[in-house]
Amino acid sequence: MKILVVGGGGREHAILRKLKESPLCTEIWAAPGNAGIGCDARCKPIAATDLAGMVEFAKQERFDYVVVTPDDPLALGMVDALEAADIPAFGPNKAAARIEASKVFAKNLMKKYGIPTARYEVFEDPQKAMDYIRRQGRYPVVVKADGLALGKGVLICENEAAAGDALHEIMVEGKFGASGSRVVVEEFLTGPEVSVLSFTDGRVIVPMVSSMDHKRALDGDKGLNTGGMGVVAPNPYYTAGIAARCMDEIFLPTVQAMQAEGCPFKGCLYFGLMLTPDGPKVIEYNCRFGDPETQGVLPLLDSDLLEIMLAVTGGRLHEVPVSWKPGAAACVVLASGGYPEGYQKGKPIAGLAADGQLEGEADVAVYHAGTAQKEGGFATNGGRVLGVTATAPSLPEALGKAYAAAGRITFEGMHCRSDIGRRALKAL
Ligand code: AMP
Ligand code: GLY
């Protein structure tokens, strides 16, 4: 099969490398891809959000299957557009992608079907939202823009003044554009966070190995929220007992709810969970593989990813095996200095071999998130630059290996957290 992966980050690199292991895969492309992905696939510079351009390219090149990975093309309906052109694609259609694209849709779905989540109200008027927050008088309070906001549309407000500022930023100044015309105001929950990615064909759901993201920029979970600075998998807080409860109370009910609403979800459904003192609750859904969770989870997949994806699309997920390697994975993200705020690009990267990997490291993969070719080598080209993943029989070993490997790579201004996995180790 000739496959196209839409997107160009670390997650797409991890998916693509896994797809290449499949005997069914004979040729693989990425659009737009990046310099590191270019070592594993052919790249075509089409923006992931260019629906018409992507469909035209897929027709021209006669792809047998297209894997649509990022949130925005899914929310725009790229899978619908490909299917209309008779090209099978992995990912939810536009109606099902609302589970991520609209927090109001997601919250209302959970309320209607009794899926545990933080208590909330929806507002279109900042004054009414503020009145509600004052009446409740409970802080911190969480204010979320309804639509997609590059992971930055969630504000945790410690007091009334901060809540006022958040509402002003989102609803009056329009910091996130139309995404902020409605907000969700919700109760603040506490507990360890767990990411669970799953495969679902709309009826059957198969969770993947759990993981733990590290969203803040600095050690000790300090600093600004980022796209994710590292991940460990499995997440030791997510015990077999909790997993069973999540299946009964959250995973199956969500898949059934989407079916009942007339928009069955086919693809990778991501559950962002918080293990609260009252049990597991949904913090967010994503309609896609998580980044960087994927870079920690897929290296542990023992089965054929392409076969699983085709079964998801074909509505026959029950027919394929989904099995996992024993052991653990750790991924350390190497970011540009200044990220998630302003940063420079074009810094030469030292330490990588010509294929974008590290020479002589067994069980280590370097996933390229933001790199470009420069003078025959690699240079930085984004906020998150590389994700270094190691797998090992245990989490401490995986962390040791990932950090040792990451230590061989340098570029000017490079920043990474030195405490990825520390919290997870406490739960072992
Ligand atoms: P989201 O974009 O919905 O994943 O939110 C980003 C982060 O904000 C989450 O990973 C949580 O750490 C935090 N968060 C979101 N909602 C809540 C909540 N209701 N209570 C506590 N923390 C939250
Ligand atoms: N790691 C969180 C996300 O992909 O949204």
Side-chain angles (χ1 to χ4, degrees), residues 7 9-12 14-15 69-72 74-75 97 99-107 110 116-121 133 136 138-158 163 166 170 176 179-180 183-198 208 210-217 221-233 235 237 267-278 280-298 331 333 340 367 369 383-384 387 420 423:
R11 165 186 58 195
E12 285 75 10
I15 290 172
T69 322
D71 51 7
D72 28 15
L74 290 167
I99 201 164
E100 172 172 3
S102 169
K103 293 204 189 287
V104 172
F105 174 85
K107 293 297 291 191
M110 288 186 270
T117 187
R119 272 193 303 273
Y120 73 100
E121 292 291 335
I133 290 171
Q136 296 271 313
R138 270 199 293 271
Y139 302 96
V141 65
V142 184
V143 178
K144 300 185 170 183
D146 175 39
L148 296 178
L150 295 169
K152 302 193 174 79
V154 174
L155 297 166
I156 295 175
C157 312
E158 298 293 339
I170 297 176
F176 306 112
S179 287
V183 293
V184 171
V185 175
E186 71 176 31
E187 102 188 275
F188 181 75
L189 300 176
T190 56
E193 285 185 54
V194 181
S195 304
V196 179
L197 283 58
S198 69
M208 302 182 213
S210 64
S211 56
M212 183 191 279
D213 189 6
H214 296 68
K215 287 201 165 93
R216 301 293 200 97
D221 292 324
K222 304 232 159 53
L224 295 171
N225 259 323
T226 70
M229 294 298 293
V231 63
V232 297
N235 183 325
Y237 287 94
C268 172
L269 182 54
Y270 167 124
F271 299 86
L273 306 172
M274 197 170 268
L275 308 181
T276 78
D278 300 328
K281 295 190 179 179
V282 178
I283 289 280
E284 63 162 346
Y285 293 116
N286 288 327
C287 67
R288 52 173 173 86
F289 284 90
D291 190 331
E293 284 91 338
T294 304
Q295 294 91 305
V297 168
L298 284 188
C331 174
V333 170
Y367 298 119
R384 290 186 295 174
I420 299 303
R423 194 153 176 231

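Counting convention: from 1, in listed order, for ligands and their atoms alike.
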Just jot down the ligand 2 atoms closer than 4.0 angstrom to any heavy atom of [X], in number order.
X    : answer
D213 : 1 (N), 2 (C)
N286 : 3 (C), 5 (O)
G290 : 4 (O)

For the side chain of [X] and the backbone of [Y], is there at least one donor-acceptor N/O pair under 3.5 Å apart?
X    : Y    : value
E12  : G9   : yes
T226 : P340 : no
S210 : N235 : yes

Quick one, Y270 with Y285, criterion ring-ring contact (aromatic ring centres under 6.0 Å, His included). Give me CA distance, side-chain angles, the key distance, then yes/no. CA-CA 6 Å; Y270 167 124; Y285 293 116; 9.5 Å; no
What do we get for E187 next to ligand 1 when only non-hydrogen atoms under 4.0 Å count, side chain, backbone, both or neither? backbone
Nearest protein heavy atom with distance in Å, relative to [atom]:
atom                    : value
atom 13 (C) of ligand 1 : I156 CD1, 3.8 Å
atom 11 (C) of ligand 1 : E193 OE2, 3.3 Å
atom 2 (C) of ligand 2  : Y270 OH, 3.4 Å
atom 1 (N) of ligand 2  : E293 OE1, 2.7 Å
atom 16 (N) of ligand 1 : K144 NZ, 3.1 Å
atom 20 (N) of ligand 1 : L189 N, 2.8 Å
atom 8 (O) of ligand 1  : V154 CG1, 3.7 Å
atom 5 (O) of ligand 2  : R288 NH2, 2.9 Å
atom 17 (C) of ligand 1 : I283 CD1, 3.6 Å
atom 7 (C) of ligand 1  : K215 CD, 4.4 Å

Which ligand 1 atoms, with their elements, are less than 4.0 angstrom from a heavy-atom of [X]?
X    : answer
F188 : 20 (N), 21 (C), 22 (N)
E186 : 16 (N), 17 (C), 18 (C), 19 (N)
K103 : 3 (O)

Side chains of E293 and S195, donor plus acceptor under 3.5 Å: yes
Could you say whether the N/O atoms of E284 and ligand 1 ever approach to under 3.5 Å? yes
Would you call R138 and E187 a salt bridge, using N to O less than 4.0 angstrom? no
Do the charged groups of K144 and E284 touch, with an N to O distance under 4.0 Å? no
Can you tell if the side chain of [X] reaches within under 4.5 Å of the side chain of [Y], non-hydrogen atoms only?
X    : Y    : value
P292 : H214 : no
M229 : K215 : no
N225 : R216 : yes

Here the pair of heavy atoms bringing V183 nearest to A145 is CG1-CA, 4.5 Å
